[in-house]
There are 2 protein chains.
Amino acid sequence: MSLPHLLLGMLDAPASGYELKQMFDGTLRHLWAAELSQIYPALKRLEDDGYLSSRESPPAKGPARRVYRRTARGTRRLRQWLGASPEMGPLRLGYLGQLCCMAETGGCERTAAFLEELRDLFRGQLVKYEQVDAEWFRLHPGYPDALPPDLFHAHLTLRAGITRVEAAMTWCDESLRRVTKRT
Amino acid sequence: MSLPHLLLGMLDAPASGYELKQMFDGTLRHLWAAELSQIYPALKRLEDDGYLSSRESPPAKGPARRVYRRTARGTRRLRQWLGASPEMGPLRLGYLGQLCCMAETGGCERTAAFLEELRDLFRGQLVKYEQVDAEWFRLHPGYPDALPPDLFHAHLTLRAGITRVEAAMTWCDESLRRVTKRT
DNA sequence: TTGATCATGTAAGGGGTTACATGATTTA
DNA sequence: TAAATCATGTAACCCCTTACATGATCAA
C-alpha cells in the first residue's frame, strides 16, 4: 500500500536496506512489518523512478553496503504523500471473519473459548506496546510531550496502537458477557 | 488471507458468485470487502480443490448462474478454520505511516489538520456502522441478544467495528490536544 | 572451525485491485 | 432504443510472505 512512501519518510538520513529493516524491527515494530526481501526491491524501484540515489559504501569493515538517500524529487513525492488525505485502506481482520462464521460450530462454547483466546492475544500485544513505551521513556528525556518532532510523532502512533488494543480487549469482555448469557 | 475460508462459511446455503458479492456489499460490508474479480477465481479454485461443487442454474429468467455448494470436505475445512487460533495478521495502517513521517512538514499545523480530517473520516465510518445497526434492529426481532446464531455472531463483529472506531476517535482527540499544546 | 551476524538479493506463490471483455435481460 | 442491472469472467499489475542462494566477518 505505501511501503515505498514510508521508506522515503525513513530516509531522512541516508541508510542501507539492512539499516531500514532494523528501524522496522526497532522503532517502528508496533507500526509496520516489512521483510528484507520486500525492502531491497522497493529501494531499487524507488531509485529507478528517481526518488532515491544510492552508492556503494566503502566497506572499511564488513561487507559492502548500498546506502540510499532521497533525491529532491523523492522529497517532493514524500511531501505530496504527507499532504494527501489519510489513507484509510480496508480492514480485513481474519479473526472477525472466523467469529462471523462461528454459528457453524453450533452452541456458543467454541465462541466463548475463541473470544478468550483473542483477549489473551490482545493482552500480549498490549504488553509489548507498554514495553516499547517504557523503553522509550527510559531512553529519551522529555518523554513524551517534549520529544523532538520525529519521536513525538512516533509516540502518537504508539498511543494509537495502545488505545486500539485496549478497545479490542473491552470489546472481547463485552462479547464474552453476551455469549455466556446466551448459554 | 482468508477469503476462501470466508466463502466456505458464507456457503451455508448454496449461492452464486454474484449473490456472495451482494452479501459482502450488504450484511458483511462492515467486515470485509471483496471484488467479483477475486470471488470468481476463488470459487473456481475451491471447486478444483474439492471444497465446493457447482452446477449451472437453469436460467428460467436472466442469464445463467453458476451455483456453488459446500462439499463434506469443504465443511471439514471450514470447521478446521473455526477451530484454529484467531488470525491476528499484521496491521498496516496507511494513516499511521503518514503520521509517523509528519515531522518532515515542520511545525505541527499539518499534523493538526491531518488529525482533524482523520477524526472526521472515523466519524463517517461510525455513522455507517450505526446505520447498519439501526437497519438490523428494524429488520430483526429479538435484536441483538436474542437473534439467531448467525446474526448474533454478525452483530458481535459489528460491535467490534463500532468500538474500534470510537476508540480511534478518542485517540484522535487526545492527539489533537497534545499537538495543539506543543504549538 | 563452527555458528551468529552483517549484508544483498532472487524465486515462487498467495492475496488483492483496477480495468477490460462479453452478453443477456429489464426498465425508462 | 438506450441505459441499468444481472452475471461471469480475464489480464495486468501491486503488495507481501516464505524459502532459498550467496558470501563476508566476528566471536566462541
Side-chain angles (χ1 to χ4, degrees), chain A residues 1-8 14-26 28-29 31-49 51-52 54-68 77 81 87-94 97, chain B residues 1-8 14-26 28-29 31-49 51-52 54-68 77 81 87-94 97:
Chain A
M1 199 200 322
S2 59
L3 176 69
H5 286 124
L6 197 52
L7 289 173
L8 284 177
S16 68
Y18 196 82
E19 287 169 325
L20 290 164
K21 167 64 171 164
Q22 287 176 318
M23 292 189 220
F24 279 114
D25 291 344
L28 297 181
R29 72 174 182 277
L31 175 61
W32 208 275
E35 300 300 321
L36 280 170
S37 57
Q38 190 193 359
I39 292 170
Y40 287 124
L43 290 171
K44 186 178 283 185
R45 169 94 195 245
L46 284 167
E47 184 172 22
D48 289 346
D49 294 348
Y51 299 119
L52 298 178
S54 78
R55 58 185 178 83
E56 291 262 346
S57 176
K61 45 164 58 183
R65 304 172 333 129
R66 177 161 297 274
V67 172
Y68 290 86
R77 177 80 190 277
W81 182 54
E87 288 187 2
M88 294 300 272
L91 275 193
R92 285 206 195 68
L93 300 173
Chain B
M1 200 199 323
S2 58
L3 176 68
H5 286 124
L6 197 52
L7 289 173
L8 285 177
S16 68
Y18 196 83
E19 286 169 326
L20 290 163
K21 167 64 171 164
Q22 287 175 320
M23 292 189 220
F24 279 114
D25 291 344
L28 297 181
R29 72 174 183 277
L31 175 63
W32 208 275
E35 300 300 322
L36 281 170
S37 57
Q38 191 192 0
I39 291 170
Y40 287 124
L43 290 171
K44 186 177 282 184
R45 170 94 195 246
L46 285 166
E47 185 173 22
D48 289 346
D49 295 348
Y51 300 119
L52 298 178
S54 78
R55 57 184 179 84
E56 291 263 345
S57 176
K61 45 165 58 184
R65 303 171 335 128
R66 177 161 298 274
V67 172
Y68 289 87
R77 177 80 189 277
W81 183 53
E87 287 187 3
M88 294 300 271
L91 275 192
R92 285 207 196 67
L93 299 173

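FYI, side chains are in, hydrogens and waters are out, and symmetry mates aren't considered; it's all heavy atoms of this structure. Letters A, B, ... mirror the listed sequences (proteins, then strands); counts begin at 1.
Residues satisfying the salt bridge (charged side-chain N to carboxylate O under 4.0 Å, His left out) test with A/R77, not counting sequence neighbours, are none. Taking the side-chain hydrogen bond (donor to acceptor under 3.5 Å, both in side chains) definition, one finds that A/Q22 meets it with nothing, sequence neighbours left out. With sequence neighbours excluded, the residues satisfying salt bridge (charged side-chain N to carboxylate O under 4.0 Å, His left out) with A/E19 are A/R65. Looking at residues two or more places apart in sequence or on another chain, you find no side-chain hydrogen bond (donor to acceptor under 3.5 Å, both in side chains) involving A/R29. Under the side-chain contact (heavy atoms from CB on, under 4.5 Å) criterion, B/P41 pairs with no residue, sequence neighbours left out.
Side-chain contact between A/L43 and A/E47 is absent, with no heavy atoms from C-beta onward closer than 4.5 Å.
Between A/L36 atom CG and D/dT17 atom C1' there is a gap of 13 Å when expressed in whole angstrom units. One can place CG of A/L20 at 15 Å from P of C/dC6, the figure rounded to the nearest angstrom. Atom-to-atom, CD of A/E19 to P of C/dT8 comes out at 8 Å; the value is rounded to the nearest Å. In this structure, A/L7 atom CG and D/dC15 atom P are separated by 11 Å, rounded to whole Å. To the nearest angstrom, P of C/dA11 lies 17 Å from OH of A/Y40. Between B/L91 atom CG and D/dC15 atom C1' the separation is 16 Å, expressed in whole Å. Separating the CH2 atom of A/W32 from the P atom of D/dT17 is a distance of 10 Å, rounded to the nearest angstrom. Computed from coordinates, the A/D25 CG to C/dC6 P distance equals 11 Å when rounded to whole Å.
Residue A/P41 places its side chain closer to C/dT10 than to any other of D/dC14, C/dG9, C/dT10.
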Tabulated below should be each protein N or O lying under 3.5 Å from an N or O of nucleotides 17-21 of chain C; please produce it.
unit_1: C/dT17; atom_1: OP1; unit_2: A/R92; atom_2: NH2; d: 2.6
unit_1: C/dT17; atom_1: OP2; unit_2: B/Q38; atom_2: OE1; d: 3.2
unit_1: C/dT18; atom_1: O4; unit_2: B/S37; atom_2: OG; d: 2.8

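At C/dT10, one or more side-chain N or O atoms of A/K44 fall inside 4.0 Å of OP1 or OP2 (strictly under the cut-off).
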